[in-house]
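Let me begin by presenting the structure, written as structure tokens, before commenting on it.
Order of appearance sets the numbers: ligands from 1, and atoms from 1 within every ligand. Along the sequence shown, the residues carry numbers beginning at 1.
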Amino acid sequence: MIYLNYAALSPTRVEVEQEVTATLNAFKPFLYSDAGIQWYLTKAMTCRQAVAQLLQVEDPATIAFVPNASTANHLILSMMEWQPNEVLCTSSHENPSILRELRRLASKGVEIQAIVPTTPPAFIDHLKRALSTGRVKAVLLSHVSHVDGRIFPIETISALARAHKIPLIVDGAQAVGHIPVDVQQLNGAVYFFTGHKWCEGPLGTGAVVIPDQFLELNPPFACWAKDHDKPPATLFEIGTHNIGLIAGLAKACTLKKSEGLHQDRLEGYRRDAKIRLKKCKGIQFMEWDGPHAPGILTLKGVPGTDLMKLAKFWADEHELIVKMFSDYPEGETPAIRLSWSATASKQTVQKALDMISGSLGHTLKRLPV
Ligand SMILES: Cc1ncc(COP(=O)(O)O)c(C=O)c1O
């Protein structure tokens with residue numbers, strides 16, 4: 001298999017798998033004894049520190065572990081008390097698992113405004129106009145678009161949200177482990193991410209940062225949190241958790257922090273891919289004039305070519321795995337997302353590009369002029 005779908009799921013690093021096993025073995029003699037509970041709490045706090053370091057979070061106690069990004073999103077939105085006619089601003093590039101939650105809010109009368117990200121200034125202008133109505137209760141936005149890797153101007157947006165005293169909720173699923181993330185810069189934004197994508201952590205891991213400012217903006221949640229003697233963020237850790245997986249995620253974060261994100265290598269793959277694929281007549285890249293994360297390049301519909309059929313052909317005949325966008329985002333389909341990690345070899349990426357450019361050339365030759 002030639003795998004170019006790292007933005008969906010990355011293989012777990014061996015060191016991370018070893019950490020999961022070692023942690024569970026170390027916990028086994030204690031289990032649910034007083035000593036075991038103490039061991040668990042101490043270990044969990046060490047893990048929060050590791051995540052805090054990668055995300056530049058000042059207080060590790062504001063971090064909660066969750067099984068994935070979608071659960072974090074569900075918990076946050078559920079813990080806010082929504083009224084009909086309140087507005088949630090978002091973008092048209094959000095992930096389907098996030099949109100499902102937004103549809104649930106919409107069914108309760110909440111208005112979802114999904115701004116189409118044409119250019120960064122236009123996006124900001126549109127958001128400013130929405131905020132000026134006084135009806136927006138929260139902004140929910142990806143840090144990096146899962147569609148084409150565009151990086152949203154979340155620092156500017158967080159300042160805007162702060163000025164309007166509304167929470168910004170950032171979906172960092174495509175950002176953490178991929179591009180540098182500095183949650184400290186985000187004026188109290190809630191930030192969640194998933195461990196099994198760019199962090200190369202264990203499957204079914206993630207975390208959410210719940211800063212104190214979020215509590216200030218949500219009095220009902222703050223009241224509820226006050227009744228507990230634990231840091232409010234841990235209220236997001238519902239039920240029994242797998243401390244092995246938590247330790248694995250922490251290890252993955254520590255490795256990313258110490259080894260770096262290999263952005264040059266990823267950028268090199270992206271540059272090569274653009275040079276190679278640009279030569280295919282009719283190919284377009286889905287991009288905006290703002291920044292893009294280096295591990296993702298998305299191809300837009302070549303006129304007259306059935307892109308979806310093509311991607312299926314690549315998978316069936318060449319075992320090349322890419323992500324297809326057939327039904328969203330509106331007006332930008334069909335599209336094919338290529339994504340690579342620094343662990344993908346140059347030969348693998350080259351082989352995939354040879355195959356893609358070869359088959360696109362072939363398809364285009366058969367098109368009527
Ligand atoms: C931007 C974004 N948000 C959320 C998700 C869902 O992540 P998870 O499966 O960890 O819930 C994805 C998955 O692709 C994503 O790309």
Between the protein and ligand 1, which nitrogen or oxygen pairs come in under 3.5 Å, and how far apart is each?
{"unit_1": "ligand 1", "atom_1": "3 (N)", "unit_2": "D171", "atom_2": "OD1", "d": "3.4"}
{"unit_1": "ligand 1", "atom_1": "3 (N)", "unit_2": "D171", "atom_2": "OD2", "d": "2.5"}
{"unit_1": "ligand 1", "atom_1": "10 (O)", "unit_2": "A69", "atom_2": "N", "d": "3.2"}
{"unit_1": "ligand 1", "atom_1": "10 (O)", "unit_2": "T194", "atom_2": "OG1", "d": "2.4"}
{"unit_1": "ligand 1", "atom_1": "10 (O)", "unit_2": "H196", "atom_2": "NE2", "d": "3.0"}
{"unit_1": "ligand 1", "atom_1": "11 (O)", "unit_2": "A69", "atom_2": "N", "d": "3.3"}
{"unit_1": "ligand 1", "atom_1": "11 (O)", "unit_2": "S70", "atom_2": "N", "d": "2.8"}
{"unit_1": "ligand 1", "atom_1": "11 (O)", "unit_2": "S70", "atom_2": "OG", "d": "2.4"}
{"unit_1": "ligand 1", "atom_1": "14 (O)", "unit_2": "N95", "atom_2": "ND2", "d": "3.4"}
{"unit_1": "ligand 1", "atom_1": "14 (O)", "unit_2": "K197", "atom_2": "NZ", "d": "2.6"}
{"unit_1": "ligand 1", "atom_1": "16 (O)", "unit_2": "N95", "atom_2": "ND2", "d": "3.4"}
{"unit_1": "ligand 1", "atom_1": "16 (O)", "unit_2": "Q174", "atom_2": "NE2", "d": "2.8"}

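- No more than 12 heavy atoms of other residues, nucleotides or ligands sit less than 6.0 Å from atom CD of E58.
- Residue pairs meeting the salt bridge (Lys or Arg N to Asp or Glu O under 4.0 Å) criterion with at least one member in residues 43-54, sequence neighbours excluded, are E19-K43, R48-E237.
- The distance between the ring centers of F27 and H241 does not fall below 6.0 angstrom.
- Among N5, T298, D148, the one residue that satisfies the side-chain hydrogen bond (donor to acceptor under 3.5 Å, both in side chains) test with R337 is N5.
- The ring-ring contact (aromatic ring centres under 6.0 Å, His included) pairs that include a residue from residues 58-115 number zero, where partners must be two or more places apart or lie in different chains.
- Applying the side chain to side chain donor-acceptor pair (under 3.5 Å) rule to pairs touching residues 161-175 yields Q174-W198, sequence neighbours excluded.
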